[in-house]
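Here the structure is laid out as structure tokens; the discussion comes afterwards.
Excluded from the calculations below are hydrogen atoms, water molecules and symmetry mates; all remaining heavy atoms, backbone and side chain alike, are included.
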Amino acid sequence: LVGSDIETVLDNGDPDNGAEEGQLTLQQSFNRTRRQALEHVTDQFEDLLAIDNETLDDIKEMEAVYEEARDDPLYQHLIAMANVHTAEEFGLDVPDNSYKRMASALRDDSWEDVEEENWYRSAQEMAADVRFFHWELEFPIAFYEQDGERKEDGGFDAVIGNPPYVRQEQLSQTKPYLSHTYETYHGMADLYVYFLENATNLLASHGESGLIVSNKFMQANYGTRLREYILSSTKIRKIIDFGELPVFPEASTFPAILLFKNSSGNQEIETAQIKSLSFNTLSNEVDRISYQIPIDSLDPDGWSLAKKEKVEIINKMQEMGVPLEEYVEEINYGIKTGYNRAFIIDSEMRSKLIQEHQTSEEIIKPLLKGDDVRRYHVRDRDRYLIFTRRGINIEDYPAIKDYLGDLRKQLEPKPDDYDSDEDGEWEGRKPGDYEWYEIQDAIDYWRAFENAKIIYPTIQKDPRFAIDTDGY
């Protein structure tokens, strides 16, 4: 997700874009250097294509050729230049003439002078830490002709993958970069959102991609830009939705497989909603239960995978009925702590805190997560919330204060004047008008949690509403 196009990097070293007459020789020299560098890299990797990829010996030979190509000094210099460019996007202070210096060093074989610069060393350290990846350099034969010219239809014929499930709270270091690099950026979006956009960018014209990702982007607010992007930039071939099924038993990921093509012209989309994992092969199961939905079902405000006849019923209900949000006085959100590890505990820790000081019981509340709310009932998972709401006097709860104090560094709100470039990544919570021991977001309606209420998860495959009379 994080890297640079080497042509952009080399263009930054261009002595003049729109050169004056007196600079033409220098301009021509630079262009020649750029072509020679890219031609050299593609030559190195072309040797891979000459090897039959059929036997173990072939694979070992390919590995050896690949490592030899990567060890090539010129190739390593181009990687280093791309690292400097990307590090600058992350906020590293790079001198204005750095790219010209590096381009000249390529041409004059004086790279040792560049390697002595502090900004250069800092960029390479950052590249290793953040794990920069420059697609055009890692796979040059997918993007460049053998003579170093950019392919008119460069890219991959196929992109497949299972992006990591990383919550947005863990992306603080990369969010500034993501915000100005990806059209689909949203401050609350999880990492997989950017993998979907990047997969599209890496495809050649009419190339195809298949990724298994969370299905939450189909309805969540943070997925609005992604939904618009997919609809405008791709032709969706198939959507396979697993709902809440435990495809990955170790995590609640709500997986779906999205197959799309780098072209346009959506009409109808093959869709399958998998109800059980008890099948022989996924392809046979999809063939058995799939159905077509019109592209109109995929509204940017939220995608519906319902069959046409169900959509017609829903539309009729919406026309004739009264929406729940108009029928009830208010619909409130749950609790956002900003750091669940500190505020969510089990019954054992609850008992320990109450034993240490009786007042702890006043602010330890039974807790449900969205997955605990089922149709007409709830599943108690032995979870409790330390509900230190805004304005609480923490001195009245000494056991709670001591417990949270062990995690104070992670709980502190980020100061408005904190400079991440100078002081490093902030280890605590987002900026806000709250104390380190308080729940992150203001919950002005907190008394309503004590009352009888209807509860439901924001993301649900089927209707899951329940009555809560236990003060969750």
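A salt bridge between Asp380 and Arg383 is absent, with no side-chain N of the basic residue lying under 4.0 Å from a carboxylate O of the acidic one. A salt bridge links Glu285 and Arg288; the closest N-O separation between the charged side-chain nitrogens and carboxylate oxygens is under 4.0 Å. In summary, Asp441 and Lys430 engage in a salt bridge, as defined by a charged side-chain N under 4.0 Å from a carboxylate O. Note on Glu117 versus Arg121: no salt bridge recorded, every NZ/NE/NH1/NH2 to OD/OE distance being 4.0 Å or above. Under the 4.0 Å criterion applied to side-chain N and carboxylate O atoms, Glu208 and Arg237 are assigned as salt-bridge partners. Taking a cutoff of 4.0 Å between a charged side-chain nitrogen and a carboxylate oxygen, Arg390 and Glu435 do not qualify as a salt bridge. Salt-bridge check for Glu348 with Lys352: failed, with every basic side-chain N at 4.0 Å or more from each acidic carboxylate O.
Note on ring orientation: taking the six-membered ring where Trp is involved, the planes of Trp135 and Phe139 are parallel (angle under 30°, cut-offs 30° and 60°). Ring planes of Tyr182 and Tyr194: tilted class, angle from 30 to 60°.
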Passes side-chain contact (heavy atoms from CB on, under 4.5 Å), Glu362 versus Thr359? Steps please.
CA-CA 6 Å; Glu362 298 174 13; Thr359 57; 4.1 Å; yes
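When atom types are taken as modelled, the side chain of Glu438 and the backbone of Gly391 share a donor-acceptor pair closer than 3.5 angstrom. Although no hydrogens or angles enter the test, the distance criterion places a donor-acceptor pair under 3.5 Å between the side chain of Asn262 and the main chain of Ala204. Between the Ser290 side chain and the Val286 main chain, a donor and an acceptor come within less than 3.5 Å of each other.
Side-chain atoms of Leu245 and Phe254, non-hydrogen and from C-beta on, never get closer than 4.5 Å to each other. Contact annotation: the side chain of Asp190 never approaches that of Val166 to less than 4.5 Å [non-hydrogen atoms, C-beta and beyond].
Between Phe90 and Phe132, the distance separating the two ring centers is shorter than 6.0 angstrom. Taking the six-membered ring for Trp and the full ring otherwise, the centers of Phe143 and Phe156 sit less than 6.0 Å from each other.
When the options Leu385, Leu367, Ile400, Leu407 are evaluated for a side-chain contact (heavy atoms from CB on, under 4.5 Å) with Phe343, the one that passes is Leu385. With Val378 as reference, Ile455 is the one residue of Ile467, Ile455, Asp372 to meet the side-chain contact (heavy atoms from CB on, under 4.5 Å) rule.
Met218 approaches Leu305 most closely through the heavy-atom pair SD-CD1, 4.0 Å.
A 6.0 Å sphere centred on CD of Glu330 holds more than 12 heavy atoms belonging to other residues, nucleotides or ligands.
Scanning for ring pair (Phe, Tyr, Trp, His ring centres under 6.0 Å) contacts around His180 gives Tyr177, with sequence neighbours left out.
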